[in-house]
Amino acid sequence: MQSPATPEFIRAEKREGDTELDAHVFRQALGQFATGITIITTKNADGKYVGVTANSFNSVSLHPPLVLWSLSKKASSHDAFSVATHYGVSVLSADQEALSHHFSTFKGDRFEGLEVIEGLGGVPLIPNALAHFECKVRNRHDEGDHFIMVGEVLRCDFREGEALVYRSRKYFRN
Ligand SMILES: Cc1cc2nc3c(=O)[nH]c(=O)nc-3n(C[C@H](O)[C@H](O)[C@H](O)COP(=O)(O)O)c2cc1C
């Protein structure tokens, strides 16, 4: 018999004959992994700044210094990132939630009226972020409905402060 304190798990499993794992359960399980929030930026073929909110950012290697993030094949910035030589990563601070929302939803020029720092390769970086990574694109891996963008970090900086944290579709401060 289970004790009343035993938590109930919601499960998904791909069984023989199923085409896929239950996407809703999969997304909710992934949502339990708390992450920071980044805005990842580059320049498109016309030299215009593009950027997207991403929480898939992570470290890969210390020697050499490598990072990765994954970009949806459906993203409006997909064409720009598919030819980019460099990208910038700005790790958002706790008071930059509005920027996270802006770079995930706004359909026009996301940089209009926004001050930026110009980084290596001409990529824009978000001022007052907690950390910046300026990266040279090393590899793009085609996986499922995303591209994994591996970058070599050419320059980085950071400051002390509270981070913007994301878990189960909600923002927190830490
Ligand atoms: C917190 C958060 C994290 C996200 N992380 C990613 C990500 O890692 N990769 C990605 O391709 N899209 C991610 N998105 C979605 C994009 O920010 C954006 O909403 C999506 O690309 C559709 O908009 P667009 O095509 O106009 O850029 C995230 C959105 C939010 C709110």
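Every value quoted in this text rests on a predicted model; they were computed, and no experiment measured them. Order of appearance sets the numbers: ligands from 1, and atoms from 1 within every ligand.
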Could you work out, with side-chain contact (heavy atoms from CB on, under 4.5 Å) as the rule, every residue matching [X], not counting sequence neighbours?
{"X": "Q28", "value": "H24"}
{"X": "R15", "value": "E13, D18"}
{"X": "R167", "value": "Q32, A34, F172"}

Are any protein N/O atoms closer than 3.5 Å to the N/O atoms of ligand 1? If there are, list each pair with names and the distance to one decimal place.
residue, atom, partner, partner atom, Å
ligand 1, 5 (N), N55, N, 3.0
ligand 1, 5 (N), N55, OD1, 3.2
ligand 1, 8 (O), N55, N, 3.4
ligand 1, 8 (O), S56, N, 3.2
ligand 1, 8 (O), S56, OG, 2.6
ligand 1, 9 (N), S70, O, 2.8
ligand 1, 11 (O), S72, N, 2.7
ligand 1, 14 (N), T53, O, 3.3
ligand 1, 17 (O), T53, O, 2.8
ligand 1, 19 (O), S104, O, 2.7
ligand 1, 25 (O), S76, N, 2.8
ligand 1, 25 (O), S76, OG, 3.3
ligand 1, 26 (O), S76, OG, 3.1
ligand 1, 26 (O), K107, NZ, 3.0
ligand 1, 26 (O), R110, NH2, 2.7
ligand 1, 27 (O), S76, OG, 3.3
ligand 1, 27 (O), R110, NH1, 3.2
ligand 1, 27 (O), R110, NH2, 3.2

**Q.** Distance (rounded to the nearest 0.5 Å) between K73 NZ and E143 CD
**A.**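 K73 NZ to E143 CD: 8.5 Å, rounded to 0.5 Å.
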Q. Using 30° and 60° as the class limits, which term best fits the ring planes of W69 and F81: parallel, tilted or perpendicular?
A. perpendicular
Q.
Checking Q96 against S93: is there a side-chain donor and acceptor pair closer than 3.5 Å?
A. yes
